[in-house]
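Just below is one structure, and these are the notes that go with it.
In what follows, every chain begins at residue 1, and chains take the letters A, B, ... in the order their sequences are listed.
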Amino acid sequence: MRFSKKNLLSLAGAILIYFLVYWLQAAGVISAFQEINLMMVGINIILAVSLNLIVGFTGQLALGHAGFMAVGAYVSAILTTNLGQPFPVAILAGACTAAVAGIIIGLPTLRLRGDYLAIATLGFGEIIRGAANNINYIGGAAGMIGIPQLTNWTWLYLMMVLTILVIVNFLNSTHGRACVAIRENEIAAETMGINTTYYKVLAFAMGAFFAGIAGALYAHYFYLIQPATFTFFRSFDILVMVVFGGLGSITGSIIAAAAITIINAALQDLAVLRMVIYAVLLIVIMVFRPQGLMGTREFTLDRWVPKRGEASGSAGN
Amino acid sequence: MALLETRDLTISFGGLMAVANVDLCLQQGELVGLIGPNGAGKTTIFNLLTGVYRPTRGEIIFNGRSLVGLKPYQITQRGIARTFQNIRLFGNLSVLDNIRIAYHWHSRYGILNAIFRLPSFHQGEAAILARSQELLRIFKLEPYQYEKAKNLPYGEQRRLEIARALAARPKLLLLDEPAAGMNPQETKELMTLINWIRQEFDLTILLIEHDMSLVMGICERIYVLDYGQVIAEGPPEDIRNNERVIEAYLGREVNGVAPQGGKS
Amino acid sequence: MERIKKIALFTVALLLAAAIIAGCGQQKSGAEKQGASGGDTINIGVNYELSGDVATYGTNSKDAILLAFEEINQNGGVLGGKKFNPIVLDNGGKREEAMSAAAKLITENKVVALLGPATSGATMAAATMATKYKVPIISPSATNPDVTVDPQTKKVRDYVFRVCFIDPTQAIVGAEFATKDLGAKKAAIIYSNSDEYSKGLYKVFKEEFVKNGGQVVAEESFNSGDQDFRPALTRIKDAGADLIYVPAYYGDVGKIVNQARELGIKVPMLGADGWDSPKLAEYAGGAANLNNTYFTNHYAASDPNPRLQDFIKAFKAKYNREPDAFAALAYDTSYLLADAIKRAGSADPEAIRNALASTKNFDGITSKITIDENHNPVKDVAIIAMVDGKQTLKKKITH
Amino acid sequence: MLLLKVENLNVYYGAIHALKGISLEVNEGEIVTLIGANGAGKSTTLKTISGLLRPQSGTITYQGQNVNGLPAQAIVKMGISQVPEGRRIFPNLTVRENLELGAYLRRDREGINKSMQEVFRRFPRLKERQKQMAGTLSGGEQQMLAIGRALMSRPKLMLLDEPSMGLAPILVQEIFNIIREINEQGTTILLVEQNANMALSVAHRGYVLETGRITLAGSAADLANSEAVKKAYLGG
Amino acid sequence: MAVFLQQIINGLSLGSIYALIALGYTMVYGIIQLINFAHGDILMVGAYIAFFGVVYLKLNIWLAFIISMIGSAILGVLIERVAYKPLRNAGRLAPLITAIGVSLFLENGGLMVLGTEIRSYPAGLITSAQLPLAIFGIKLTATTLQLLILAITIAMMIILQYIVHYTWAGKAMRAVSYDPDAARLMGINVDNTISVTFALGSAFAAVAGILLGLYYNTIHPLMGIMPGLKAFVAAVIGGIGLIPGAMVGGFALGIFETMVSGYWSSKLRDPIVFLLLILILLVKPSGLLGKNNTEKV
């Protein structure tokens, strides 16, 4: 690896945040309530960033992200709870199974575009949920309970940083540019020698892989998973975070995922009113800022660190 | 040996023969024009050559190998690149990225290299960047390299599209109405450019165009298409005087260069 | 100009939203507002599904709890004048939110006990926090046996209680009633596949019914909230059942009964406490359709017990609608909690837990309640027959 | 007589200043042409006149009335009808339905029928194909349909945007003959054309646009003979 | 055989309602290419308007139909003006998100204002007698309500076909759906035409909502979610943007669903419906009646 000043600073920042939270937690400053929401923030960031890869960068409107999350959650939970496997193995297996599900969904639906793809992926999500509802081994509608609570700050942070790092590095390469080219003009991309099928499936597989990780983290923190946890409403929630943050902006997704999760938790005492407020805010913000908070821009350290000689006029910027 | 050869190339859409029994033959290094009335099947032929459509019947031989059944990206990788009648740039991306994307399939580093930022990633990216900027310099697009492609003036967009096609390093370049929407001055410059890249990149070019000044001016040979069939083939002089072509396409009053009106 | 127009439009939209909010604000009682847990108030956490698809259950439960605490406070509170301060949080029916609401109530609002949620899944999620912080949690309506007993270790969850039957109880009583009293030989079962409650009852009923010498001729399932049961009912009709067991909630039950009668199915139908709703006749398309139907329940609304009738009256007066089983159970739960605090003589969570665990013959509006070693209630099962839209007590069985 | 007067028109697309103070006049009975390079603002001028775009400043006066900023339907009602660039016919409607839509603002059944017959007389091929989906017509026929459709509103002023675009030379000739005919029968025409030769051959007067500004104006003959125009637009 | 025919009758009633909802989806999609996720919730509002009309204003049910259609039409237009119109040029996803927002607003606003309880129309609004039917000598049961639903649906479709093909408003709608700018040049007021489309679609949804309420005898603030989603699936199966497609898709989905529940298992119904959707899209990527519009190159 080569480290520029910028990279070093980011790395230092990332490590600093980790230890800061770790220390706060150890010192008991972070309450249980805050911890739960910290976990949800992390899980939602992973979900939003991974969905942004599919929707924002590759331009494939997918509404089945909760389905991938469910696959990751169930597979990892089976491994730890029923088969006694260690947590890292469970995470990896959950993520890989979800990626396979992503490929299975990606391959046949490639012929579909836009809204047809959206409804087909929504359908796939519901099929996964329907399947979980009908498999007694994983508890059917009652779901699985008694999953060991293995997710902690360290695992969450590690996985979150890994997700962001992998996706950002992917996007800032010729492979990421190939994805963005598909979004911009699929026919032109194909005649530029880009195997669009391959990259669309790859985007689905990668997005699903990380959604699977999020699912595994979720299952092993909230100790109980049910098919009802993974309805298309959750897919909508994730999509809202992505669009809200800005399609094609990773930092936008991160900020939006954190903001929406925290606001939602803060308004719990308003009962159903909070959902009304959420809905009104959603409409107002979209109408006045349809490109989302960040548009396609990224919040970078470039502002504070002098740029290297060449500008990286890359996909994400 | 011919670089590109089609035999009995035919495609029908729901019973309608859009292209029927077309035999084209392009020698290495030739510059050939494809003209004909609207709906004669010119763009359809391009779509057949680039794999967007699959022929109902017939054969496409490029460099000695059949192209039928290959996907567009595979055909590009075999060495055919094209531009589009309605410009298809990656509008929201920078000019530089438009070119870098076209270098994509030449890049040698894999996904894992990208994710883990291994040395081959940095080498690969550096090479792509250098080549892309070189190409932009050649096309005098360097000043725009960080502009969004859609913000470029029209003529520049056309040039960028040609540059992007060249970045795929083709042996055969297909240009679909490159002069559409250009004024005579711009068209003239375009002619010079086409001639120049042909030499510089050692290209064979097939182009569709309505602007007769361009077609007659630079093409060595011309195919005339009407109702999906080739009705004439030959050097510009022959085509200009071909009765059938005048009947179907050029019209009585015009002859040769851009049509002249009656009372000026 | 455009922008001004836009903003004006939005102001209108927001005003509309605000009007709605104001309209609903009236419903909020003073008790619902958050207050500091001072020396003379006892904070109680109320963690319910108030938005999302099971908001109906959560809202009815929450309303009954607020009513109960209001009454208790008006009657002088507990422990020499201490007043209850119920703090309501919405979990939207999501597991993670049920957990975070529980955490917030315990750590930030310093509640001494948690009430709710309505469904088993959410209750189990909230229960982890209760266990972690050693604060008792009582669900009025979570029927899954696993809620109070860990299925893997078979150990009782120390801080988790409930006041409803667990699923098997009603199904056993129901199966017995079906064979002995209704003389059924061939039963059909139609249950909700997306509902643990319904599936639990279905399994036990089937076992018991077969054990009692009956035969199950058709098993149909649906997803809660489904609209069209005609296909399944058509098949049941075809199978020639002489009894249909419908372990589901009243929203679905009404549609099932209505559509069954419409298809000309006249055999008796039997259900469980999920049927209990004053509106059942309405949903079932008229009182006549409900004749020849029965269900097991915690109580009979027609029970002359004055405290029950007072509750029904008070609930109607306050909320302008009839209470259902969720409300009745939640009401009992609130009083049970108050009783436990009285018996404990302190509002210390640990003391409350111990008092709850040793509850004997608590006199609730639904039944007398004794908490057994698994933290489940021992209480009467009432069998209700619907006669011209009226619930009539057919039989009472102590289980 | 002055029919249309455009004064000091400024139009922006977002941040791009597309028209920088354009002024032009069209007299009744004339064919006036706007020529210029791609992106010079020719189409933008037409779209602004027909109400598809709103100018930031400037005035458009039609028959002595300020029509600036009126919605498109009001402008059609006043007798200005545009044949848009790329024809923009409704491909999944029949030829007849397309023509009927051209008369959308008219409610006189009789009159509409009469206009329809006139269009059919002028374009017999459209009559043959009146029941066909417009999308199945050839490029030239589509252009005729677009012109016919615009005629259905009985316009006083017709705005034509690039009628020769993408057409074979033989059809270009035919279309321009039709334009001249329409004009001779009393419709004033404002014509935007890439093909400056053709445009100047039918027009009475012309304006040359360059990057949002008018740089030259004059009679068609003067412009055709101007050295600057020859060099830039006539390929001379 | 008796069971099969009985299931067909049941499926036709359900399919009618899906078709009515799908029509609104498809009209709105056709004209502004937006999946109007709030459509199912407009249906709910329509059902409640009729409920309040019948219960509190003691209106005749047919009058309640009309008032509900008008009320829902106004709501539909209002939603379009506030949440979609400002985003007409903002790409595909922003309006999709506001549609989700509007949907959440109506659902949760409904829970707040209307309460969480399930309500029913008063008994006897429409006398639903059992009709003994005999087809080829096989005895079946249908209710007058089922026949009424079918009749209303078919009548509404005929009305819609008439409006779309033979009125100026209908022609304007078609023109706008193909090319709004060209339509503008014909003198068509595009904003008004879009409003008319929303009004029509919402009025249809109101009818569907009331029929749902009558058929299942319950109404609830969240009643529109699943029928809305299913109807959207129906519209896609038929070919979204096509009015005949919505009808075909609605009926096909209604009968298919009933058959799956009737012959297999209702717990597998939803997954199988979505599986069917995907299979149909794979074979015919633009739906049963859709033309395969490969993008022009």
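Taking the side chain as every heavy atom from C-beta outward, C/Gln152 and A/Thr81 approach each other to under 4.5 Å.
For the atom pair CG (C/Asp150) and CD1 (A/Ile145), the distance works out to 6.5 Å, reported to the nearest 0.5 Å. With rounding to the nearest 0.5 angstrom, the CE atom of C/Met99 is 5.0 Å from the OH atom of A/Tyr221. If you take CG on A/Leu224 and CZ on C/Arg95, they are separated by 6.0 Å, rounding to the nearest 0.5 Å. We find the NZ-OG1 distance between C/Lys94 and A/Thr231 to be 8.0 Å, quoted to the nearest 0.5 Å. For the atom pair OG of C/Ser100 and CG of A/Leu38, the computed distance is 12.5 Å after rounding to the nearest 0.5 Å. Atoms CD and CD1, on A/Gln268 and C/Ile87 in that order, are 13.0 Å from each other to the nearest 0.5 Å.
In this structure, A/Ser31 and C/Glu108 approach most closely via the heavy-atom pair OG-OE2, 3.8 Å. Of all heavy-atom pairs spanning C/Gly92 and A/Arg274, the tightest one is N-NH2, 3.7 Å. Closest heavy-atom contact between C/Met129 and A/Ala32: SD-CB, 4.1 Å. Smallest separation of non-hydrogen atoms from A/Asn264 and C/Glu97: ND2-OE2, 3.0 Å.
The parts of A/Phe222 that come within reach of chain C are both its backbone and its side chain, each placing non-hydrogen atoms under 4.5 angstrom from that chain. A/Ala279 does not touch chain C: none of its heavy atoms, backbone or side chain, sits under 4.5 Å away. For C/Tyr197, no part lies near chain A; criterion is any non-hydrogen pair under 4.5 Å. With a 4.5 angstrom heavy-atom cutoff, A/Asn37 touches chain C only via side-chain atoms. C/Thr128 touches chain A through its side chain: at least one heavy atom from C-beta onward sits under 4.5 Å away, while N, CA, C and O do not. Contact of C/Glu96 with chain A is made through backbone and side chain together, with heavy-atom distances under 4.5 Å. Proximity to chain A (any heavy atom under 4.5 Å) is restricted, for C/Asn91, to the backbone atoms N, CA, C and O. Looking at A/Ala132, there are no atoms closer than 4.5 Å to chain C (heavy atoms on both sides), in backbone or side chain.
Side chain to side chain, C/Asn193 and A/Asn134 meet the donor-acceptor criterion of an N or O pair below 3.5 Å.
For the options A/Arg234, A/Glu35, A/Gln34, A/Met39, heavy-atom pairs under 4.5 Å to chain C are most numerous at A/Arg234. For the set C/Gly58, C/Ala125, C/Gly121, the entry with the most heavy-atom pairs within less than 4.5 Å of chain A is C/Gly121. Between chain A and the residues C/Leu50, C/Leu105, C/Thr153, the most heavy-atom pairs under 4.5 angstrom are made by C/Leu50.
Counting non-hydrogen atoms of neighbouring residues, nucleotides and ligands closer than 6.0 angstrom, the OH atom of A/Tyr22 reaches no more than 12 such neighbours. Within a 6.0 Å sphere centred on NZ of C/Lys206, heavy atoms belonging to other residues, nucleotides or ligands number 12 at most.
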